[in-house]
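Below is one structure, written out as structure tokens, with a few remarks after it.
Computed from a predicted model, the values in this text were never measured in an experiment.
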Amino acid sequence: MNAPRPARAVEKPWVQRHWILLLIAALAVSIALSAAVGLGVMYTFMSSMKDSEPYREAMRRAQADPRAIAALGQPIEPTGMILGAVEQKDGGTAQLFIFIRGPRGKADVQVEGSYHDRAWDYRVMQIDVDGSGERIDLLEGGESGMENGES
């Protein structure tokens, strides 16, 4: 006679067998997407700051100042990090911290100013050299107001 066939083992679907792997993959994709969005927002923010007149003027003055060159060496370049905000309206304001470096050291440039009648008036534009406590006033010997018809 025929012997009864053994019952086939019912195999669970892939998702039920590998749910932990699927959870880890979903978490990794979520983290990667969050990081990409965050980096995109940061890049957009940094780009808009670098296009502002207060940033360009502070970098121009820092790179040309003999005291800054003596303290940091040449070339003086931004590290890429900028903190602060720039609003350019009828009564706009700027408050920036620009991190810079040269072959001899690092520093940060502090900029505070206001925008009236298509011109920037800077109250503060100074370099604080890291480690030395040296402070370089970039407004000394220069104009504190800067005419700017662009931006």
Side-chain angles (χ1 to χ4, degrees), residues 1-65 68-69 71-116 118-139 146 148-151:
M1 291 207 171
N2 289 339
R5 286 187 176 178
R8 280 178 86 182
V10 177
E11 193 172 311
K12 292 180 180 178
W14 185 91
V15 172
Q16 286 182 349
R17 287 181 287 138
H18 299 96
W19 68 272
I20 293 177
L21 181 62
L22 189 62
L23 185 65
I24 292 170
L27 185 62
V29 168
S30 297
I31 291 171
L33 285 174
S34 296
V37 168
L39 290 173
V41 167
M42 186 187 295
Y43 176 79
T44 302
F45 173 75
M46 293 293 178
S47 294
S48 70
M49 290 296 187
K50 287 182 178 180
D51 288 340
S52 72
E53 181 60 28
Y55 173 87
R56 290 192 309 253
E57 182 65 15
M59 286 305 301
R60 183 189 68 74
R61 289 185 188 204
Q63 290 169 335
D65 191 284
I69 293 169
L72 301 174
Q74 274 188 318
I76 295 174
E77 300 174 337
T79 64
M81 225 15 223
I82 306 167
L83 299 176
V86 176
E87 290 182 43
Q88 188 166 325
K89 298 177 185 171
D90 291 334
T93 61
Q95 186 165 9
L96 295 175
F97 287 93
I98 306 164
F99 298 94
I100 59 174
R101 68 170 172 249
R104 292 191 205 125
K106 296 179 181 179
D108 60 273
V109 181
Q110 181 181 357
V111 181
E112 291 180 19
S114 56
Y115 186 74
H116 300 285
R118 298 178 57 124
W120 281 98
D121 180 39
Y122 300 105
R123 291 181 303 280
V124 176
M125 190 178 292
Q126 68 185 20
I127 298 175
D128 294 321
V129 181
D130 289 357
S132 72
E134 181 180 2
R135 205 169 254 177
I136 301 168
D137 186 353
L138 296 175
L139 296 177
M146 189 71 187
N148 178 21
E150 299 176 27
S151 294

Practice task
Check L96, V86, V109 against Y55 for a side chain to side chain contact (heavy atoms under 4.5 Å, CB included) and give me the one that passes.
Solution key: L96

Handout entry: Distance, nearest 0.5 Å, that separates CG of D65 from CD of Q126
Key = 12.5 Å

Problem - Exercise: identify the closest heavy-atom pair between A107 and D130 - result: CA-OD1, 3.9 Å

Practice task
For P54 and V111, work out which heavy atoms get closest and say how close.
Solution key: CB-CG1, 4.2 Å

Handout entry: Which atom of G113 lies closest to which atom of R123, heavy atoms considered
Key = C-NH1, 3.7 Å

Fill in the blank from the handout: The reported gap from CD in Q110 to CD1 in I98 (rounded to nearest 0.5 angstrom) is 10.5 Å

Handout entry: From I24 atom CD1 to H18 atom NE2, the distance as rounded to the nearest 0.5 Å
Key = 12.0 Å

Exercise for the section: Working to the nearest 0.5 Å, report the span between NZ of K50 and CZ of R56. Expected result: 13.0 Å

Practice task
Using the side-chain contact (heavy atoms from CB on, under 4.5 Å) rule, take L21 and W14 through it: C-alpha gap first, then chi angles, then the decisive distance, then the call.
Solution key: CA-CA 10 Å; L21 181 62; W14 185 91; 4.3 Å; yes

Fill in the blank from the handout: When every non-hydrogen atom of A68 is compared with those of I127, the smallest separation belongs to CB-CD1, 3.7 Å

Handout entry: CZ on F99 to CD1 on I82, rounded to 0.5 Å
Key = 10.0 Å

Practice task
For R17, look at atom CZ and say whether over 12 heavy atoms of other residues, nucleotides or ligands are found less than 6.0 Å away.
Solution key: yes

Handout entry: Check: Q63 side chain, I76 main-chain N or O, donor-acceptor pair, under 3.5 Å
Key = yes

Problem - Spacing of E57 atom CD and Y122 atom OH [to the nearest 0.5 Å] - result: 5.5 Å

Practice task
Give the C-alpha distance, both sets of side-chain angles, the deciding distance and a yes or no for side-chain contact (heavy atoms from CB on, under 4.5 Å) between M59 and E77.
Solution key: CA-CA 8 Å; M59 286 305 301; E77 300 174 337; 5.9 Å; no

Practice task
State, with a plain yes or no, whether a side-chain heavy atom of L139 is found less than 4.5 Å away from one of R61.
Solution key: yes

Problem - Counterpart residues, salt bridge (Lys or Arg N to Asp or Glu O under 4.0 Å), relative to R104 (two or more places apart) - result: none

Exercise for the section: Check the pair M49 / L83 against side-chain contact (heavy atoms from CB on, under 4.5 Å), numbers first and verdict last. Expected result: CA-CA 9 Å; M49 290 296 187; L83 299 176; over 6 Å; no

Exercise for the section: Mind listing the closest non-hydrogen atom pair of A94 and W120 along with its distance? Expected result: CB-CZ3, 3.5 Å

